[in-house]
Amino acid sequence: MSIKQALISVSDKSGIVEFAQELRKLEVTILSTGGTARLLRDAGVAVTEVGSYTGFPEMLDGRVKTLHPKIHAGILARRDLPEHVSALQKAEIPAIDLVVVNLYPFSHTVAQPDCSLEEAIENIDIGGPTMVRAAAKNYQSVAVVTDPADYPALLDEMKTAGGEVTPEFQFRLACKAFSHTAAYDGAISNYLTSIEGENAQRRTFPERLNLNFSLVQPLRYGENPHQQAAFYRDPQLVPGSLASYRQLQGKELSYNNIADADAAWECVKTFDSPACVIIKHANPCGVAISDSPLAAYKLAFATDPTSAFGGIIAFNRTLDAPAAEAVMSQFVEVIIAPQMTDEARQMLARKANVRVLTVPLEAGNNAYDFKRVGGGLLVQTPDSLNVTSDQLKVVTQVQPTAQQLQDLLFAWRVAKFVKSNAIVFCANGQTLGVGAGQMSRVDSARIASIKAGNANLTLAGSVVASDAFFPFRDGLDVVVQAGAVAVIQPGGSVRDEEVIAAADEQGVAMVFTGVRHFRH
C-alpha cells in the first residue's frame, strides 16, 4: 500500500513536527485539525485544515470536526473492492492512506486531585477513537499510528519501499490501535463507574474494573513446568517498581524469579539505611541494615545460610565490588540493586548465568493488589503503611529502650513481608530467626527460634515482631523463653489483657501498633 494522503490529529505532539516534515519529503499530503494544524503550519509544514477539506467548519467548541463522510469514507473505503473505489470517485472523495491520531489525555486528567466530573467529561475524545477504529478496521488499506514511538519505523518502511508499507506492518499498527482505544475506553469506564453522589465523589473501587496490561515476555513455564506463563506490565508504570527492571546479564527470568524478585525489591526499598534482603520462596530468610551493602549482606546471610542458597538478593544502594565479591561466594539466582559499579559488574560477570537486575530506587505503589479466585478476582489497596515510633503504644510496665524501639520498628517492617503467621526475631538491625506461613502462631515462633539456633545466633536480648495479635499467651511465652525482651504486635485480641499481664509477669516490654500485616 502506497501512502499519498495522511490525516494527523494528536494530543501528544512529541515528535510530530519532525515526522510530518519527513512525510512531506515523501510527497505525502497532510490533513490536520486545530492545534496540530497550527503547530505544523508554524513549523513550515504544508497542511490542509480538515474544515477546509470537508467544507464544514469545526463546531460545538471543537466537538465536531472530523465526524464527516469525506473523512470517514476516505478512511473506510476498501481499495480492493471496485465498488468502494467507484463510490469514492463518484463522490469526489480522496482516499486517506495514513491516520496519525492519539487521544485526549483522559487518564492524566482524572489523576489530578482537583479534577471535576465536568473536566473529565470534556476530556473524553469522540472523533479520535472513531478515526482510529475506522483506520484499524480497514488496516489492509490504511496505516494507523497511535504511538509516537512508531514514527521512525513507519518512515523506515516508506523510505525502503518507495512510500509503501507492508501488510504485516499495517496489521501490527492496527492491533496496537485497537489496544489503544480499548485502554482509553476502559479508563473512562473505570472512572465513571467509580463516581457517586451529587458531588461526584470518587470511590476507591469502580463498579466495573477494566485492566490493561502489555506483554513483556512469554515465560518458559509458570510455578511448575506443566503450567504456561507470561509476564505483563502495567502501561501506567509505577515508579520504582520491579516491572521497570533492566537485566544486565544472566539467564531469562522465570515466573518464580520474577515473583521472588518483586518480594525482595518491595521489602528492601522500604528501608532508609543501606539494606540487604534475601528472599526464598517469597519469604525473607535474611534482612539487615548496616553502614554498607557488604556489611548488610553479611548480616542478612548469617540469619539463615541454608535457606539463602539459591535465593534472591536485593540491595537498596549501589552494589560495589566488596559486596559483589561476597555475594559471588554463594549460589544465587537473582541480584537486584539500583545501580552497580563497573568493578561489581565485572565480578558478577564471572558467573554468567546469574540474573543481574537494576531497578530505579523510587517510591511508588500499585493502585491495586489482585488475587485470582475461581470465577472472580479479589482486589485491595496495597499494604503500603509503615508504622512510625510516634504511633506505637507501650502497654507494659517495662518501657523499651531507644535501641529496642529501633529494632522493634525494623522487625515490624520485615514482618510485613513474611507470609502469615509471621514471627520475626531481630537485634541491632539484623533478623535472627524468621517463622513464616504456619497455621499456628506458636509453631511460627518455635520455627523462628529453631532457625536462629541452626544459624548459631543467640536470641538472648532480642526483640520480636508478630504480624497479628497473640490470641493466647502461649505464643508470647515461646518467644520470651527463646530470649526476646521486647515485643511488637498489633493488639486487638479479646485476650489482650491476658497477654499484657503475661509480658509484665516475665518483665518484657510490649508495644501495640494498632495495625495488622497479614500476608497470605
Side-chain angles (χ1 to χ4, degrees), residues 263 267 277-288 299-309 311 395-396 398 400 404 407-408 410-428 430-496 498-513 516-520:
C267 182
V277 173
I278 305 176
I279 291 284
K280 193 68 173 288
H281 297 302
N283 275 302
C285 60
V287 181
L299 292 171
F301 181 77
T303 301
D304 191 349
T306 301
S307 297
F309 180 85
V395 294
T396 51
V398 174
Q404 287 170 350
D407 281 332
L408 287 168
F410 172 78
W412 185 246
R413 195 159 293 192
V414 174
K416 184 169 74 169
F417 296 94
V418 178
K419 297 288 186 181
S420 300
N421 288 310
I423 294 291
V424 181
F425 286 92
C426 298
N428 301 313
Q430 176 193 14
T431 51
L432 302 175
V434 179
Q438 299 303 304
M439 291 71 75
S440 161
R441 191 161 300 278
V442 173
D443 287 342
S444 284
R446 290 174 177 145
I447 289 172
S449 177
I450 291 169
K451 281 189 165 291
N454 290 343
N456 295 316
L457 296 173
T458 178
L459 296 180
S462 65
V463 307
V464 68
S466 172
D467 65 339
F469 59 65
F470 289 101
F472 303 95
R473 67 168 290 168
D474 53 359
L476 176 70
D477 291 338
V478 170
V479 299
V480 172
Q481 288 165 13
V485 295
V487 179
I488 185 169
Q489 60 133 318
S493 167
V494 295
R495 293 185 175 84
D496 272 351
E498 175 186 328
V499 175
I500 293 169
D504 284 334
E505 173 189 317
Q506 298 174 87
V508 298
M510 180 181 289
V511 299
F512 282 3
T513 64
R516 187 182 73 186
H517 284 308
F518 269 163
R519 190 177 184 87
H520 291 112

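Small disclaimer: the values here were computed from a predicted structure and weren't measured.
Partners of Asp304 under the salt bridge (Lys or Arg N to Asp or Glu O under 4.0 Å) rule, at least two apart in sequence or in another chain, are Lys451. Partners of Glu498 by side-chain hydrogen bond (donor to acceptor under 3.5 Å, both in side chains), not counting sequence neighbours: none found. Residues forming a side-chain hydrogen bond (donor to acceptor under 3.5 Å, both in side chains) with Glu505 (at least two apart in sequence, or on another chain): Arg473. By the side chain to side chain contact (heavy atoms under 4.5 Å, CB included) test, Thr458 pairs with Ala460, sequence neighbours left out. Here Thr303 pairs with Thr431 under the side-chain hydrogen bond (donor to acceptor under 3.5 Å, both in side chains) rule; sequence neighbours left out. Here Asn421 pairs with Arg441 under the side-chain hydrogen bond (donor to acceptor under 3.5 Å, both in side chains) rule; sequence neighbours left out.
Between Pro305 and Phe309 the shortest side-chain heavy-atom distance does not fall below 4.5 Å. For the pair Phe410/Val287, a side-chain contact is recorded, criterion being any heavy-atom separation below 4.5 Å from C-beta on.
Val418 and Ala436 get closest at one heavy-atom pair: CG1-CB, 3.4 Å. Between Val464 and Ala484, the shortest heavy-atom distance links the atoms CG1-CB, 4.0 Å. Scanning both residues, Ala300 and Ala288, for their nearest heavy atoms gives N-CB, 3.6 Å. Counting all heavy atoms, side chain and backbone alike, Ala302 lies closest to Leu457 at O-CD1, 3.5 Å. Closest approach of Thr513 to Pro490, counting heavy atoms only: OG1-CA, 3.3 Å. Nearest heavy-atom pair across Ala503 and Leu476 is N-CD2, 3.6 Å.
Between the side chain of Gln430 and the backbone N or O of Leu299 there is at least one donor-acceptor pair closer than 3.5 Å. Remark: the backbone N or O of Val479 is not paired with any side-chain donor or acceptor of Gln481 at under 3.5 angstrom. No donor-acceptor pair closer than 3.5 Å links the side chain of Ser466 to the backbone N or O of Ile423. A distance-only check finds no donor-acceptor pair linking the side chain of Lys280 to the backbone of Cys285 [under 3.5 Å].
Atom OG1 of residue Thr396 and atom CD of residue Gln506 lie 12.0 Å apart, to the nearest 0.5 angstrom. Note that CG of Asn454 and OG of Ser449 are 9.5 Å apart. Values are rounded to the nearest 0.5 Å. Rounded to the nearest 0.5 angstrom, Met510 CE and Leu408 CG are separated by 10.5 Å. The distance from the CZ atom of Phe425 to the OG atom of Ser462 is 5.5 Å, given to the nearest 0.5 Å.
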Original post:
Could you walk me through whether Asp407 and Asn428 pass the side chain to side chain contact (heavy atoms under 4.5 Å, CB included) check?
Top reply: CA-CA 6 Å; Asp407 281 332; Asn428 301 313; 4.2 Å; yes
Subject >> Pair Asp496-Ser493, side chain to side chain contact (heavy atoms under 4.5 Å, CB included): steps then yes or no >> reply: CA-CA 5 Å; Asp496 272 351; Ser493 167; 3.4 Å; yes
Subject >> Working for side chain to side chain contact (heavy atoms under 4.5 Å, CB included), residues Phe470 and Val487 >> reply: CA-CA 11 Å; Phe470 289 101; Val487 179; 3.8 Å; yes
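Considering Leu432, Val414, Asp467, Ile488 in turn, Val414 is the only one that fulfils the side chain to side chain contact (heavy atoms under 4.5 Å, CB included) rule with Val424.
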